[in-house]
Amino acid sequence: MTVNASSLPEAISTLGVLPPAGPSCVHLPLEVTPQELARYAVGLANARGGTVLVGANLADLKTAPERDASELHPLMVTHAIFELSGGRLTVNVQHHRLPNGARVLAVFVPQAPYVLAAPDGAVIAWDGLHLVPVSPAFSEVSADQDFTAVIPPDASLADLDPAEVARLRSLGRRIAAANLPDLDFLRELGLLHPSGGALRPTLAAILLAGTPAALKAHVPQAEVCYYHHASGDVDFHFREDLLRPIPALLTRLAELIQARNRFTPVQVGLFRIEVWDQDEAVYREALLNALTHRDYTLRDVVHVHHYPDRLEIMNPGGMTGGVTPGNILRHQPKRRNPLLAEVLARLGLVERAGVGIDKMFSLMLRHGKEPPEFLNYPDAVTLSLHSPGFDADFVRFVARKQEDMQTLSLDMLIVLSLLAREGEATRPHLARALQLPEDRTPRLLRSMEGHGLIRKAGVGRGIAYQLSDEVQHALGRAPQVTLPPAVDAAGVVSPPARPEEAAENTQLARPPRSKRVIDPHAPSPAEVKAIALALAREQGRVRNVDLRNTCGLNTQQAWKILRKLVLEGHLKKSGTGTRDAAYELIHRSGE
């Protein structure tokens, strides 16, 4: 898979013949200023991309001149154009020697995915002869362009690694194109297109099968930095920077994460479920989501932080097309890089229907964990996959219920998980967790009541939902005691009684159920925190099981108290997993 440089009209031939000035090539004198060079580079990027030649006028000389473009360092020019374009334009700069011995500077400019502004703020484009103002219609069309579909002017088939092409073929072995020769296979995927009289790869092709040199030259921002943290501190003790094609990236990242991953077996009848700190199917979806939908026009890289209790993936570019953390489960999928996403879907790595997020939520909830947490910023997205422990009883319940009901939908899992963690929730609260309008939730809640999964508590506006007695029993919890509402002579419902009042009025309780569920014998959160600190002080450390046995909590409740004490700076955590993690007092000076 090689190509002769002389077959590319826009490139400099092996004999030093310069391409003529025109729609894809700009000739500039040696005396051009950095600002003017950046203007022409931006103008070319706003049109179709191409090459800017600095010192092209030296080609007419018979002998080598005293000065040529060798005094312009390629890295300095690359950096100057990047800075002058506001960090939006990355170019590839090389020196080329002419037959007379003089050197010219070739600046290869990619087509911009959206309209860029020049250093002086002007919005211009190269029309083949001059820099001209960009019309509004041109601006609208350029804004919709797919950056991964851009063909770098100096790209060639030599930028693709045959071994990585073979990897792509193995991933897509189920599609008909897998039986085609390499070039036909890549063309069928839309990764190669004719340009300048030869086949050239798109940026998507380089992202999927590029050589190390091609990735570094065309998309150095495709790098992923992995950090492993031995504790919850910001300091890391291991780091590996990866600039590889996306399939190779996924393989290496999985190796790094699995090397530090642990699982806990959960017995369900005759079967055993392995609950990993980080489920491979979940983090693969998360990594693919970051690599597929990140903004490749930004120079920032993807960062993966692996903590003992969570995995954080930070990728450049905020959520697009109206997607937010509050509607990501329901919003129509929006693809920032359509060509890259389409190829990955055809290869079977991502879902066309946009169900990858649903899959992540479902798997984490089935394993008794909190759902994925998204934080959206104007220029970045952070996804956190928390793994401080899990509710083993919830895992067993879901596995057994699957046999009875054939399936538990994601919406049902969201409701069950939230009620298992918080005890009860109102319909507006559940609607927010489901990312649905409140008037869309009654059918689901009625269905869950009909299946004996949840029940109503309270009256009127005070109605809340709880897990049914059957589910609470399956989760190893005592059924919650409900208190009657106080009704005056006018039929007005009074606020729920305080715990001390509830203890006195228990025998007077009537069948109607109240808004609140209170166990008068259970310790308050403040008391549980005090008990945890006392156990840590007396025993030297406190574990999740200690707090469960002492205070009658479940795994999730105990973890929440311990995590809060860590965040407040009272305890420090060592070890991972529910069984092996221990919490010790933090001794401050003067104590």
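Heavy-atom basis, side chains included; hydrogens, waters and symmetry copies ignored. Predicted model only: the values in this text are computed from it and were never measured.
- Between the side chain of Ser362 and the backbone N or O of Lys359, no donor-acceptor pair lies under 3.5 Å.
- Relative ring orientation between His96 and Phe108 is described as perpendicular, the plane-to-plane angle rising above 60° on a 0-90° scale split at 30° and 60°.
- Note that Arg187 lies outside the cation-pi zone of Phe185, set by a 6.0 Å cut-off to the ring centre and a 45° limit from the axis.
- By the salt bridge (charged side-chain N to carboxylate O under 4.0 Å, His left out) test, Arg284 pairs with no residue at all, sequence neighbours left out.
- In this structure, Phe390 has its ring center no closer than 6.0 Å to that of His367.
- Judged purely by atom type and a 3.5 angstrom limit, Asn327 uses its side chain to pair as donor or acceptor with the backbone of Gly322.
- Stacking of Arg252 on the aromatic ring of Tyr226 is not recorded, the 6.0 Å distance cut-off and the 45° axial limit not both being met.
- Remark: side-chain polar atoms of Asn337 are not paired, donor with acceptor, to backbone N or O of Thr148 under 3.5 angstrom.
- In terms of the ring pair (Phe, Tyr, Trp, His ring centres under 6.0 Å) criterion, residue partners of Phe236 (sequence neighbours excluded) are, by chain and number, Tyr227.
- By the salt bridge (charged side-chain N to carboxylate O under 4.0 Å, His left out) test, Arg239 is found to be paired with Asp241, residues two or more places apart in sequence or in another chain being considered.
- Scored by the ring pair (Phe, Tyr, Trp, His ring centres under 6.0 Å) test, His228 finds His237, His306 as partners (sequence neighbours excluded).
- Checked against salt bridge (charged side-chain N to carboxylate O under 4.0 Å, His left out), Asp411 has the following partners two or more places apart in sequence or in another chain: Arg330.
- When the salt bridge (charged side-chain N to carboxylate O under 4.0 Å, His left out) test is applied to Arg335, the partners found at least two apart in sequence or on another chain are Glu342.
- Remark: side-chain polar atoms of Gln278 are paired, donor with acceptor, to backbone N or O of Leu385 under 3.5 angstrom.
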